[in-house]
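Since this is a predicted model, take the numbers as computed values, not measurements. Per chain, numbering begins at 1; letters A, B, ... match sequence-line order.
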2 protein chains.
Amino acid sequence: MVVNMKKLEIPDEIEKEMRKKGGWSSIKKNLPLKEIKEVEKVMKVLSYDTRLRIIYALSEQRMCVCMLMELTGCSYSKCSYHLSKLKEAGLIKATRKGNYLIYSLTPFGRSIVRHFRKYKPEVKNE
Amino acid sequence: MVVNMKKLEIPDEIEKEMRKKGGWSSIKKNLPLKEIKEVEKVMKVLSYDTRLRIIYALSEQRMCVCMLMELTGCSYSKCSYHLSKLKEAGLIKATRKGNYLIYSLTPFGRSIVRHFRKYKPEVKNE
DNA sequence: TCATCATTTCAAATTTTTTTGAAATATTAT
DNA sequence: ATAATATTTCAAAAAAATTTGAAATGATGA
């Protein structure tokens, strides 16, 4: 087969910069693919408005689904869908209280929210 | 119209908890919607494998597109698409060097990557 | 000027994610 | 039991994001 094999032409200037770092192959090898996969999973869940509202809200106060519905403006099933995503990711958990399911952050969720909220993008422009 | 107006039934136990915090209305009012929108934007961009690889790589070394292609296993146009997303979000920038476009992190990008890499989910389970 | 190289852009095809609404569950109250 | 409430689940529809490949762009070198 061997189609598409045109090999990498790295510009000199960059080639040179990389030498100090062990060269291209070393840089390639050091990409933390596993960490990236993990980060991706959490980020995916946290990259949606409704779900962010939910965890921000839960970081203040545990709540039943009907409260989250009102807070997010979602229907039950929609809310439920997003809650399931957050739960899958280990960010929230539910406990039953009579007829209600009360959602709250897990310690993992709590640590993530704390971490992300701390971040303030002061440096936004160049 | 006034359809669907069944109003919130908050379970007593939770109602009580909330009193100390100014009650439901106060909790609702304090959801930082603007912050959430901002966070969402950045998260969306960082919630994709290829793009995470790119910024992790760029945090080590500035690179031209052909290097990123090789690193991510993407075609030019695919790479380009993801680069444009990262650029839009203000995370990376490009400078031309002859025939090459050399991409690197912006200060904003750098601060975000640093921040996110620091995070290690030790508390993952319950 | 013409060809080549590195890259972007565009529109169509594909894939992934979210929304919707109806039906299913589980718990409590009657 | 039966009905009511709070919620989930499911499958189909809709929307959003990604992939693909071909054509465009812009710099360089012959």
Just N and O in the side chain of [X]: are any of them under 4.0 Å from OP1 or OP2 of [N]?
X	N	answer
Y48(B)	dT17(C)	no
Y103(A)	dT8(D)	yes
K78(B)	dT18(D)	no
H82(B)	dT19(D)	yes

Query raised in the report: Can you find a heavy atom in the side chain of Y103(B) that is under 4.5 Å from one in the side chain of L86(B)?
Result: no
Query raised in the report: Can you find a heavy atom in the side chain of E38(A) that is under 4.5 Å from one in the side chain of K34(A)?
Result: no
Query raised in the report: Between the side chain of S59(B) and the main-chain N/O of Y56(B), is any donor-acceptor distance below 3.5 Å?
Result: yes
Query raised in the report: With a cut-off of 6.0 Å (strictly less than), are more than 12 heavy atoms of other residues, nucleotides or ligands near NZ of K21(B)?
Result: yes
Report task. Just call it for K87(B): base, sugar-phosphate, or nothing, with non-hydrogen atoms closer than 4.0 Å on any strand. Result -> nothing
Please report, rounded to the nearest Å, how far the [atom2] atom of [N] is from the [atom1] atom of [X].
X	N	atom1	atom2	value
E88(B)	dT9(C)	CD	P	10 Å
L83(B)	dA6(C)	CG	C1'	13 Å
L46(A)	dT18(C)	CG	P	12 Å
K85(A)	dT19(C)	NZ	C1'	13 Å
D49(B)	dT19(D)	CG	C1'	14 Å

Report summary line: Note: L101(A) and A94(A) closest approach over all heavy atoms is CD2-CB, 4.3 Å
Query raised in the report: Where along nucleotides 23-30 of chain C does protein come under 4.0 Å, by heavy atom, of base (B) or sugar-phosphate alone (S), with - for untouched nucleotides?
Result: ----BS--
Report task. Identify, residue by residue, the members of residues 50-75 of chain B with a heavy atom below 4.0 Å from DNA chain C, and return them in order of residue number, or none. Result -> C64(B), V65(B), C66(B)
